[in-house]
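In what follows, a structure is listed as structure tokens, so that the remarks can point back to it.
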Amino acid sequence: MNFQQLRIIRETVRQNYNLTDASAALFTSQSGVSKHIKDLEDELGVQLFIRKGKRLLGLTEPGQSLLGIVERMLVDADNIKRLADDFNKVDEGTLTIATTHTQARYVLPTVVSAFKQRFPKVHLVLQQASPIEIAEMLLHGEADIGIATESLASEDNLASVPFYQWQHSIITPLNHPLAALTEVTLKDIAAYPIITYHGGFTGRSKIDQAFEDAALDVDLVMSALDADVIKTYVELGIGVGIVNE
DNA sequence: TGAAACGATCACATTCCTGT
DNA sequence: ACAGGAATGTGATCGTTTCA
């Protein structure tokens with residue numbers, strides 16, 4: 001068993017079980033890829049791939065179990081390389097942060113600015129993605145840090161720490177009936193069409209949960225990724241906006 | 001049904017490691 | 001430094017599958 005075999009297993013799955021594509025992605029030959037898979041299967045004594053004739057259709061049960069371990073081993077191998085780099089070049093290198101549009105636009109600018117002042121030689125890469133994609137990028141070692149409001153904490157193979165908390169606010173035109181109230185309840189809000197974030201983004205699940213807990217049906221007329229976009233449509237009178245402060 | 005795509009296998013070449 | 005062997009990779013080719 002060697003790392004090349006493990007890389008081939010991972011790449012074959014990523015390339016939808018096409019060995020030709022997997023070999024191209026790894027800059028090696030199709031015959032070599034085929035041989036490595038067979039060698040590993042022979043060594044382990046189990047079939048890792050479901051075959052129909054000469055086609056690979058998917059992973060067998062042991063193959064699926066193995067894939068999780070392979071992913072972790074390859075990420076750890078990359079981490080070992082980075083660890084060495086970190087010690088060799090304390091304040092150099094690249095830091096890749098996977099984050100959502102909202103975090104990148106409203107939260108990270110001050111953090112990034114402070115970071116660049118402290119570590120001017122570090123090249124920062126901001127990768128915008130959905131929370132689910134961020135989790136995938138972290139698991140595949142494509143990002144060093146992920147920042148998002150959803151999904152990450154529920155992923156078993158990722159360690160998450162609270163960064164900050166924010167509150168949800170409603171936004172309405174000045175002449176809207178809700179604007180005249182001194183206290184606004186969920187029931188008051190649910191009486192109007194709602195505009196808020198896309199599912200899976202920016203605390204949307206918390207918003208849904210709050211209305212669900214209150215047994216209130218919501219007329220969600222629009223969703224968007226960006227608070228500015230939500231504000232624009234609130235100004236047009238499309239609905240009441242729920243955004244982060 | 002035939003062409004194209006694909007995986008498996010074989011023979012051979014190259015690289016690397018080990019013992020002398 | 002050198003020889004021998006193991007490991008690894010490649011190209012050619014064949015058989016199978018897919019699809020128009």
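From a predicted model like this one, the values you see are computed outputs, not experimental measurements. Each chain gets a letter, A, B and so on, in the order the sequences are listed, and its residues count up from 1.
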A:Lys38 has an atom NZ; how far is it from atom C1' of C:dG9, in whole Å?
17 Å
Can you list every pair that meets side-chain hydrogen bond (donor to acceptor under 3.5 Å, both in side chains) and has a residue in residues 210-222 of chain A, with sequence neighbours left out?
A:Gln209-A:Asp213
A:Tyr192 meets the ring-ring contact (aromatic ring centres under 6.0 Å, His included) criterion, sequence neighbours left out, with A:His176
Name all residues meeting the salt bridge (charged side-chain N to carboxylate O under 4.0 Å, His left out) criterion together with A:Glu41; count only those two or more places apart in sequence or in a different chain, and write none if there are none.
A:Arg51
For A:Leu67, run the side chain to side chain contact (heavy atoms under 4.5 Å, CB included) check against A:Leu6, A:Val13, A:Leu48, A:Thr12 and tell me which one passes.
A:Val13
Comparing A:Gln30 and A:Lys35 on DNA chain C - which has the more 5′ nearest nucleotide:
A:Lys35
Could you pull out all residues at least two apart from A:Lys231 that satisfy side-chain contact (heavy atoms from CB on, under 4.5 Å)?
A:Ile171, A:Asp228
Rounding to an integer number of Å, can you tell me how far A:Leu19 CG sits from C:dG9 C1'?
15 Å
From the list B:dC6, B:dT9, B:dA8, which nucleotide is the closest neighbour of the side chain of A:Asn18?
B:dC6
Given atom CD1 of A:Ile37 and atom C1' of B:dT9, what is their separation to the nearest angstrom?
14 Å
Taken to the nearest whole Å, CD1/A:Ile8 to P/B:dA8 is 12 Å
Atom CG of A:Leu26 and atom C1' of C:dG9 are separated, to the nearest Å, by 13 Å
Using the ring-ring contact (aromatic ring centres under 6.0 Å, His included) criterion, which residues pair with A:Phe115? Sequence neighbours excluded.
A:Phe119
What is the separation between atom CG on A:Leu40 and atom P on B:dG7, rounded to the nearest whole Å?
17 Å
Describe the nucleic acid contact of A:Phe49 in one word from base, sugar-phosphate, nothing, applying a heavy-atom distance below 4.0 Å.
nothing
For nucleotides 18-20 of chain C, print each protein N/O atom paired with a nucleotide N/O atom at under 3.5 Å, atom names and distance only.
none

Check A:Thr96, A:Val125, A:Thr94 against A:Asp144 for a side chain to side chain contact (heavy atoms under 4.5 Å, CB included) and give me the one that passes.
A:Thr96
How close or far is atom P of B:dA8 from atom CG of A:Leu48, stated in whole angstroms?
12 Å
For C:dG9, does OP1 or OP2 lie under 4.0 Å from any side-chain N or O of A:His36?
yes
